[in-house]
Amino acid sequence: MAEADGSPRPRFVVVGDVIDDVLVVPDGAIRPDTDTAAEIRTLPGGAAANTAAWLGATGADVDFVGIVGAGDADRHAALLDRHGVRAHLAAHPALPTGTIVVLVDGEHRTMLASRGANAVLDPDALGDDLLAGAAVVYATGHALAGDTDPAAFGRLVARARAAGALVVAATGS
């Protein structure tokens, strides 16, 4: 696809975490050892998946690479597709999709995180075919700091740069 002036749109490859966020907003003070009424919503999340969705929503050309639990690949791929993102999701046979419970208390939030399959995302599994023609490769440190071989991220950076891409890594929360 092309820009308005006819030049090709730059392509982004986003690599990183996919999360199921569980947002919990208690109706009042949490009562220990019993029920507390609350609004509870489940939303798709993850720093990398959110970045890919935001880029796709602006009309950018985006590929997303991540890993989820075996039963969630189609659901997360469809959610990303709604924003124009091509999802390349591995499905881990034993680990669940990462989950974060976000407990909202007024202006504060407490996050209880389980990285799930994100902890084993393998940068070496990202094929050179996806890197070819990418203008930017964006990776989140959250997903690349788990059980992954630390040298694998360096190899991804080297392969992306050899393909002519700018590499951006985000490590904050």
Side-chain angles (χ1 to χ4, degrees), residues 1-3 7-22 42-100 111 113-173:
M1 199 172 275
E3 297 282 354
S7 62
R9 280 190 308 169
R11 188 166 62 83
F12 293 82
V13 175
V14 179
V15 182
D17 53 339
V18 180
I19 294 288
D20 285 326
D21 286 330
V22 180
T42 301
L43 303 165
N50 287 343
T51 298
W54 295 328
L55 286 166
T58 70
D61 186 8
V62 185
D63 285 283
F64 176 79
V65 178
I67 185 168
V68 295
D72 291 333
D74 290 342
R75 176 174 58 90
H76 277 283
L79 290 165
L80 288 162
D81 183 64
R82 288 183 195 169
H83 299 285
V85 176
R86 288 176 302 278
H88 307 272
L89 297 173
H92 196 281
L95 293 173
T97 299
T99 303
I100 298 177
M111 294 177 280
S114 173
R115 299 191 57 222
N118 291 303
V120 297
L121 178 62
D122 181 6
D124 287 330
L126 193 152
D128 289 339
D129 57 324
L130 277 178
L131 296 175
V136 176
V137 174
Y138 174 90
T140 57
H142 294 299
L144 301 172
D147 296 336
T148 302
D149 169 14
F153 180 67
R155 290 189 297 272
L156 172 61
V157 170
R159 290 187 302 121
R161 292 182 71 194
L166 171 70
V167 178
V168 177
T171 58
S173 57

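Within a 6.0 Å sphere centred on CZ of Arg155, other residues, nucleotides and ligands contribute more than 12 heavy atoms.
The side-chain hydrogen bond (donor to acceptor under 3.5 Å, both in side chains) contacts involving residues 48-60 comprise nothing, where partners must be two or more places apart or lie in separate chains.
Here the closest non-hydrogen pair linking Pro123 and Ala152 is CB-O, 3.7 Å. Residues Val62 and Ala52 approach most closely at CG1-CB, 3.9 Å, considering heavy atoms. For the pair Ala165 and Val136, the tightest heavy-atom approach, listed with the atom from each and the gap, is CB-N, 4.4 Å. For the residue pair Leu80 and Ala49, the shortest heavy atom distance occurs at CD2-O, 3.7 Å. The shortest non-hydrogen separation linking Asp21 to Gly45 is OD2-CA, 3.6 Å.
The structure places CG of Leu166 at 9.0 Å from CZ of Phe12, a figure rounded to the nearest 0.5 Å. The line from CG of Asp81 to NE2 of His76 is 14.0 Å long, rounded to the nearest 0.5 Å. Considering CG of Asp124 and CZ of Arg159, their distance stands at 6.0 Å, rounded to 0.5 Å. Expressed to the nearest 0.5 Å, how far CZ of Arg11 lies from CG of Leu55 amounts to 13.0 Å.
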Atom pairs and distances, side-chain donor-acceptor, residues 85-95, under 3.5 Å, sequence neighbours left out:
unit_1	atom_1	unit_2	atom_2	d
Arg86	NE	Asp63	OD1	3.0
Arg86	NH1	Asp61	OD1	2.9
Arg86	NH2	Asp61	OD1	2.5
Arg86	NH2	Asp63	OD2	2.9
His88	NE2	Asp63	OD1	2.7
His92	ND1	Ala94	N	3.0
His92	ND1	Leu95	N	2.9

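Counting heavy atoms from C-beta on, the side chains of Leu131 and Leu156 come closer than 4.5 Å.
Tested against Ile100, the residues Asp17, Asp20, Ile19 include a single side-chain contact (heavy atoms from CB on, under 4.5 Å) partner, Ile19.
At distances below 3.5 Å, at least one donor-acceptor pair connects side-chain atoms of Asn118 with backbone N or O atoms of Val18. Listed for the Thr97 side chain is a donor-acceptor partner under 3.5 Å among the backbone atoms of Gly69.
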